[in-house]
Amino acid sequence: MTTCCCTSSRASRFRVWFILFCHSSNMTLHQLRNTILQTTTLTIGSIALLEVTTHLPSQGRAAPAYHSLFDSVVTPLGRRLFTPENAHHLALEVVRRNWAPRGRVGTGMEVEIGEERKLVVDSPIGLAAGFDKDGVAIGGLFDLGFSFVEIGSVTPLPQPGNAKPRSFRLVEDKGVINRFGFNSEGADVVRENLREYRKEFGGRGAGLIIDERSNVGQLEESDDEVADDHDSTSDENGDSKIVRETSIHLAQSFFDSMAWTLGWAWSRVVKSPQHRTGILGVNLGKNKTSEDEVKDYTTGIKELGPYADYLVINVSSPNTPGLRSLQQADRLRHLLTSTLKARDEYAPHAPLFVKLAPDLSVDEMKDIAEVLLETRADGMIVSNTTNARPDFLLSKNRYETGGLSGAPIRERSTECIRTMYQLTNGSIPIIGVGGVGSGRDAYEKIKAGASLIQVYSMMVYEGPGLISRITKELAEIIRENGHRSVEEVVGADCEEIYWRKREEKVNRKMKEAEKELVDI
């Protein structure tokens, strides 16, 4: 609505300027008509040419040309001109303002995970935590093509994180090292951001929000009155009143039409025809100086849980001292028991996931698997960034301290997914993350045991169009391998578990069918 008001105001100023120009230059009515005709013809021709060559007028930000612009020009230019952290902030602002490409692919790859607390997503591709830490660009992120978005990590109290510089590109390796250290605006600020998002788009927590928005209609009326006042400022000096009034009428009509055309073109390119929504996750962390991690996580659940579709307990960031020790069996058991109780109280609808590190030994993963099964956690995210530095790294930044993500951890994260799937007998849903840069990468993680996939670091090198490409390629690979759904691929690498689960599913459906026949 703001855009329309601004456009109307600008159009009013242009009309006044044009009318005064006509009087000062003694432009005749015939000359005015010719000028308007030529300008209108040129405008229509330009829009037609733009449609034929780029499809921008009809497809807007979903047009292939717009995707190519960002992937081939804007993204590489951003890497050359800006530091990693500044480029991150710029990218977030572009998404927040709805300037980023809009995802083009609709694949019909719906995925359902969980039993007591189900999550249903339109496709298995989502955004990992870390890009939008404070929930300022959620609507724009869904427009990119993600079916689920995870914000955070969010700490209870605001904290600046570690000293800068704290983010480094490994261009030769398509990797990223960061040591942000849970920089966060805090739970209070993020809660208000989530409330604003839910107020506009609905979903979890929308019923808790009291709409305090001012009367937009009154503002629009006042803007129209101001515009009308401007329209009445025409100069009464002139020789021919009829010519003058006709000129004013033509100029007003012309600029009204031009304003509508420009507003329409702007809305097609910048504004989505209809914003997408999806599943929203909130990743929770602890404050660096906190001595009571249980209180920190339960505070996050209490404050943010009512607005989230799922919650994540992040115990695996390498950049907060002592955090990874929470993955030890006894401490993790205590933490999960407390946070699950808080979840049941403050956000009973939300599945609770645990985010794990890729640097765990097999014995440590066994202990964690036992705790997850014992406490009945809803799921896990595998994996976070790694402290390890593979020997094949080439970039000079490979010696920077912090967590390594992107292509260098792809294989390690996939192996961790496979191990945790086996250790839990495929009974706990896994969200796989780490180095996903293609549909093939996503497919390998799903075969290892992941039901959903998250993407983040590879967008630094491939651009925002990566989401659409991954989703499309994954759908093609699934079909080429004779599968009808993502569910038919999950855990295929673990054959014993895979076929047992398939058999259980068939038996379950047969029992349901028999029950329906009995009821009839």
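Just so we're clear, the structure is a prediction, and the values are computed from it rather than from any experiment. Starting from 1, each residue takes its place in the sequence as its number.
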Identify whether the distance between the nearest side-chain nitrogen and carboxylate oxygen of R195 and E192 falls below 4.0 Å.
-> yes
Is the centre of the F142 ring less than 6.0 Å from the centre of the F146 ring?
-> no
R96 bridged to E93 by N-O distance under 4.0 Å | yes
Taking every heavy atom of V460 against every heavy atom of R79, the minimum-distance pair comes out as O-NH1, 3.0 Å
Here the pair of heavy atoms bringing G403 nearest to T385 is CA-OG1, 3.3 Å
Does R166 reach the side chain of N319, with side-chain heavy atoms less than 4.5 Å apart?
-> no
Side-chain touch V154/D134, heavy atoms, less than 4.5 angstrom = no
Which pairs would a plain distance check flag for residues 278-286, meaning a side-chain donor or acceptor within less than 3.5 Å of a matching protein atom at least two apart in sequence or in another chain?
unit_1	atom_1	unit_2	atom_2	d
N283	OD1	S153	OG	2.5
N283	ND2	E150	OE2	2.9

Are the ring centres of F82 and H88 closer than 6.0 Å?
-> no
When you check the gap from the basic side-chain N to the acidic O, do E415 and R418 get nearer than 4.0 Å?
-> yes
Shortest non-hydrogen pair, I125 vs V455, comes out as CG2-CG2, 4.0 Å
Evaluation steps, salt bridge (charged side-chain N to carboxylate O under 4.0 Å, His left out), between E504 and R508 | CA-CA 6 Å; E504 289 174 353; R508 186 170 60 251; 5.5 Å; no
Of all residues at least two apart in sequence or in a different chain, which pass the side chain to side chain donor-acceptor pair (under 3.5 Å) check with S167?
-> none
Taking all atoms of both residues into account, what is the closest heavy-atom pair of G103 and S468, and its distance?
-> CA-OG, 3.4 Å
When you check the side-chain N and O atoms of D71 and S68, is any donor under 3.5 Å from an acceptor?
-> no
Here the pair of heavy atoms bringing R343 nearest to L352 is NH1-N, 3.6 Å
Charged N-O contact under 4.0 Å between K366 and E370 | no
Using a distance-only test with no angle check, is there a side-chain donor-acceptor pair under 3.5 angstrom linking T401 and R179?
-> yes
Salt bridge (charged side-chain N to carboxylate O under 4.0 Å, His left out) assessment of D359 paired with R412 = CA-CA 9 Å; D359 303 318; R412 176 57 184 168; 5.7 Å; no
In terms of side-chain geometry, is the basic nitrogen of E185 or K133 positioned less than 4.0 Å from the acidic oxygen of its partner?
-> no
Salt-bridge contact E488-R484 (side-chain N to carboxylate O under 4.0 Å) = yes
Could you tell me whether D143 and R97 make a salt bridge, using a distance below 4.0 angstrom between a side-chain N and a carboxylate O?
-> no
State plainly whether the residues R440 and E473 are in salt-bridge range, i.e. N to O under 4.0 Å.
-> no
Do S317 and N314 get their side chains close enough for a donor-acceptor pair, meaning under 3.5 Å?
-> no
Donor-acceptor side-chain pairing of D122 and S147 below 3.5 angstrom = no
So, for P464 and F70, which heavy atoms are closest and what is the spacing to 0.1 Å?
-> CG-CB, 4.0 Å
Do NZ/NE/NH1/NH2 and the carboxylate oxygens of K511 and E514 come within less than 4.0 Å?
-> no
Would you check if there is a donor-acceptor pair between the side chains of S325 and R331 at a distance under 3.5 Å?
-> yes
Side chain to side chain donor-acceptor pair (under 3.5 Å) involving Y461 - partner list, sequence neighbours excluded | none
Go through the steps for D441 and R410 under the test salt bridge (charged side-chain N to carboxylate O under 4.0 Å, His left out), then give the verdict.
-> CA-CA 8 Å; D441 298 337; R410 180 186 302 130; 3.3 Å; yes
